[in-house]
Amino acid sequence: MIKTIIKEQVREALKTCGFKASRDFVVEVPPNTEFGDYSTNAAMVLCKENKKAPKDLAEALIKELKKNKYFKKLKIDGPGFINIFLAPALYQKVLWEMHEKGVDYAMSDYGKGEKVLLEFVSANPTGPLNIVSARAAAFGDTLYRVMKYVGYAPTREFYINDAGNQVDILAESLELRLREIQGERIGEFPFEAYHGEYVKHLAQKLNAQEGNRVFMMTEKDRMDHLKEFALAEILDMQRSSLDKFDVEFEAWVSEKTLRSEGVVEEVLSYLTEADCTYEKEEAIWFKSEEYGDDKDRVLMKSDGSITYFVPDLAYHLTKIQRGYTTLIDIFGPDHHGYVPRLRAAFRALGYDDSMLEIIYLQQVNLFESGEKVKMSKRAGKIVTMDDLIGEVGKDAARYFFIARKANAHLNFDLELATQKNNENPVYYCQYAHARISSIIKKARKDKMTPRNYRWEHAQRLIKPEEHALIGKLAELPELLIQVAEYREPHRLTVWAEDLCALFHRYYSKHRVVVAKNKELTRGRLLLMERVRSSLAVVLDLMGISAPDKM
RNA sequence: GCGCCAGUAGCUCAGUAGGAUAGAGCAGCAGCCUUCUAAGCUGCGGGUCAGGGGUUCGAAUCCCUUCUGGCGUGCCA
C-alpha cells in the first residue's frame, strides 16, 4: 500500500518534470535504515531514455517530490537511488485506511475469478498417508486459501488411483494376511507385496466381519471384494488424516469411475484421430517424442491393458472441459519424468500446454538421532502423517512444511520436532498473537478501549517502531498477491516472523496501556488491533490456530 | 550417458523478481523480569553466496561452463 502510494507520487513527479518513463521502476525498502524508509531506482532506470545522468534526474525529481507533505526528507545515495524518509502523517493515514477497511483489508479481487484447479496429495490408496503427502497437503491447501483470498476461484482435487497394478497387489497382500490369520502357512511374504502393519489390521477387521466367507467366493469375486474393502478402508484412513490436518477437498476423483465412464476409449480415439499413435510389438504407442518428450510412450500394453498415463490424461482433459483455465499439479520429485508426456499430449490434442503448471515438491528427509530414516511403503517402514501430527501437532507440522520453498529438500528432524518447547518459529508467531490478546484484555479491564477509534488516535503514533509495524502491515495485500501468483506459500511464514519480531521488539520498548495517557493508549490499541487481526488472518491462511493465551 | 532440481554463516533456511555494507532462527558468549505473558528483548562473534568465465552503471539473482548432491530415465503408478 505504501509502495503503491510512493510510486504514484514518483510517477506524477516524473510527469510534471516532463521526463519519459516507459521502463518500470521499483519502490522498495532499502537494506539499511540509514538509507531511509523507502527508496526508488527510478532515476537509474530512466536515465538512458531521458539522456541525463542518474544524479541529475534524481535531483530534479527530488525537487518536485519535496512539495509533498508525506515526504519528510529525500536524498540521493549511491549510484542514484532516491531515498525517502516518510512523514508520520503517511503512516498514520495508511493505518487509518487499514482500520476503515477492517480485518480483511488485504483481501482483493486480483485473480478476477479465474478458475484454477489445484490437484495435490493424490496418493496411491494403498496405505496411510506419509509425510511427503503431508507436505503436499499443507502446501496445496495454503496455496488454495491464499488464491481464494485474492480473488481466484480455486478448487482442490484429490485423484484416486484406485485402478491398476498397485491395487491388485494390495488385494493380494490382504488375502495373504487373511490366510495367515486363519492359520495358513504363507511362507515368506512376497517382496512386492505391501508389508505395512496396516494390512494386518485390515485383515483382522475383515476377518472379524466376515470370517472365511471370502474364501468361498470365486477367485475373481474374492479379489474384487478384497479390493473394494481395502480401498474403502484406506481412503477412510487418508481422509481422516487430512481432516486432522484441516485439509478439505472439493472433489475426490476416482480413476476407476473415470475408466467406467469410457474416457479411456475416448482419449485413445482422440489421439488416434490426431494421428499420433502407432502400433509396435503388439502395443499401442503415443508419438510423444514428436511433441517434446524424450521418447515415445506406451498407451496400451501388449496384454491389452492400459497404462496409467491414459486415464490420467483423460482426467486432465476433464479439468479443461469443466472450465478451468489454470491446472496446477503438485507432484513429488519422482514424477518429473512423467510430465513431458502429459504436455506432449496436450499439444498433440491442440491444447495450450502452458495452462498446465507443475509444482514439484522435493522430498522430505526424516532424521532421527542425526541419521536419515529410510522409508519405503513396500517394506512397510514408514512414518505416517498421523504419526507426525500426533507427535508435533497440526500447527507446527503445517508451519514447518510451508516454511520452505517447494523445490528445496526438507530436512525434518524428528527429535527436534517432538520437543514441544523447541525453537520452532510457529510458537514465536502464536506467542505474539497471545501477547497482543493479553494487552487488549488488560486495556478492556482498565476501561481504556474507546467505543470507536478516531483519526486522532492514529495521529498519536509517532514512534519509529510504530511506523515500522504499520509499514509491515501495509505490505500484506501485495504479499498475498505474490504468494498466489508465484505459488510461494513460504513467504507467509517469512512475513509473519518479520511482523512478530517487530511486535516483540515494540512490546519490550514501549507500553501500550499507559494509565496516564488515554489518547496515546487508544492510538496504540488501534495499531495492536490491526497487528493482531492481520496475524490471525495470515495464520488462518496457513491453517494454523491463533491462540489468545499460551 | 541424458534430463529435472538443488548448492548462501557450524546447523536449518530467507534473500522483496537485476540494486547499496548478503539477512534471520538455532547453536556459542555477555546482559535484561516490582510493569500489558521472559515461548520475549538487547549486544558480540561468525561468509571465497560451490569454482571459473560472460552480460551492464550494478549479479547470490540472468547466460555459458566445471564440480558436488538428490531424483528421474518401466509395456510401474
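Scope of the values below: all heavy atoms of this structure, side chains included, with no hydrogens, waters or symmetry mates. Protein chains get the first letters and strands the later ones, always in sequence-line order, with residue 1 at the start of each.
- Within the 4.0 angstrom heavy-atom criterion, base atoms lie near His510(A).
- Base orientation of C63(B): anti (glycosidic angle beyond 90° from 0).
- Listed nucleotides: A20(B), U16(B), G40(B). Nearest to the side chain of His504(A): G40(B).
- The base of A20(B) is paired with the side chain of Asn83(A) by a donor and an acceptor separated by under 3.5 Å.
- Remark on RNA chain B: of its neighbouring residues Ser302(A) and Val29(A), the 5'-side contact belongs to Val29(A), judged by nearest-heavy-atom nucleotide.
- Screening residues 504-516 of chain A for side chain to side chain donor-acceptor pair (under 3.5 Å) gives Arg435(A)-His504(A), Glu465(A)-Lys509(A), Glu465(A)-His510(A), Glu466(A)-Tyr506(A), Tyr506(A)-Arg524(A) as the qualifying pairs, with residues at least two apart or on separate chains.
- Using a 4.0 Å heavy-atom cutoff across all strands shown, Lys445(A) reaches no nucleic acid atom at all.
- Residue-level contact check: Asn407(A) touches the backbone only, with heavy atoms under 4.0 Å from sugar-phosphate atoms and none from bases.
- None of Val27(A), Leu61(A), Val45(A) except one satisfies the side chain to side chain contact (heavy atoms under 4.5 Å, CB included) rule with Thr40(A); the exception is Val27(A).
- Using a 4.0 Å cut-off between charged nitrogen and carboxylate oxygen, Lys55(A) and Glu59(A) do not count as a salt-bridge pair.
- Stacking between Phe81(A) and A20(B) is shown: the ring centroid lies under 5.5 Å from the centre of the six-membered base ring, and the planes differ by under 30°.
- Here the straight-line distance linking atom CZ of Arg532(A) with atom OG of Ser437(A) works out to 4.0 Å at 0.5 Å rounding.
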Under 3.5 Å, N/O pairs linking protein and nucleotides 55-58 of chain B:
from   : atom 1 : to       : atom 2 : distance (Å)
C57(B) : OP1    : Lys48(A) : NZ     : 3.0

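- For Ser254(A) (side chain) and Lys256(A) (main-chain N/O), a donor-acceptor pair under 3.5 Å exists by modelled atom type.
- Interface remark: the Thr307(A) side chain does not form any donor-acceptor pair with the C75(B) base, using a distance-only criterion of under 3.5 Å.
- Proximity of residues 333-340 of chain A to RNA chain B (heavy atom under 4.0 angstrom from any strand atom) is restricted to Pro333(A), Asp334(A), His335(A), His336(A), Gly337(A), Tyr338(A).
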Distances under 3.5 Å between protein N/O atoms and the N/O atoms of nucleotides 22-24 of chain B, please, pair by pair.
none

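- Within a heavy-atom distance below 4.0 Å of RNA chain B, the residues of residues 289-300 of chain A found are Lys295(A), Val298(A).
- In terms of polar N and O atoms assigned as donor or acceptor, the side chain of Ser39(A) comes within less than 3.5 Å of the base of A20(B) in a complementary pairing.
- Judged purely by atom type and a 3.5 angstrom limit, Asp56(A) has no side-chain atom pairing as donor or acceptor with the backbone of Lys52(A).
- In this model, the phosphate group of G40(B) is not approached by any side-chain N or O of Arg435(A) to a distance below 4.0 Å at OP1 or OP2.
- Side-chain N/O atoms of Tyr428(A) include one lying less than 4.0 angstrom from OP1 or OP2 on C41(B).
- There is no side-chain donor-acceptor pair under 3.5 Å between Tyr399(A) and Gln430(A).
- Across all strands shown, Arg505(A) has heavy atoms under 4.0 Å from sugar-phosphate atoms exclusively, and none from any base.
- Put simply, the side chain of Glu281(A) and the base of C75(B) share a donor and an acceptor less than 3.5 Å apart.
- Distance from the side chain of Glu28(A) is smallest to A17(B) among A17(B), A39(B), A77(B).
- Between the side chains of Asp353(A) and Tyr291(A), no donor-acceptor pair of N or O atoms lies under 3.5 Å.
- Ala163(A) comes within contact range of the sugar-phosphate backbone alone, with a heavy-atom separation under 4.0 Å but no base atom that close.
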For nucleotides 8-15 of chain B, give me one character per nucleotide, 5' to 3': B if any protein heavy atom sits under 4.0 Å from the base, S if the only such contacts are to the sugar-phosphate, - if neither. ----SSSS
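- Of the side-chain N and O atoms in Tyr506(A), none sit less than 4.0 angstrom from OP1 or OP2 of G40(B).
- Of the charged side-chain nitrogens involved, at least one lies within less than 4.0 Å of a carboxylate oxygen, so that Lys7(A) and Asp24(A) count as a salt-bridged pair.
- Using a 4.0 Å heavy-atom cutoff across all strands shown, Lys301(A) reaches at least one base atom of the nucleic acid.
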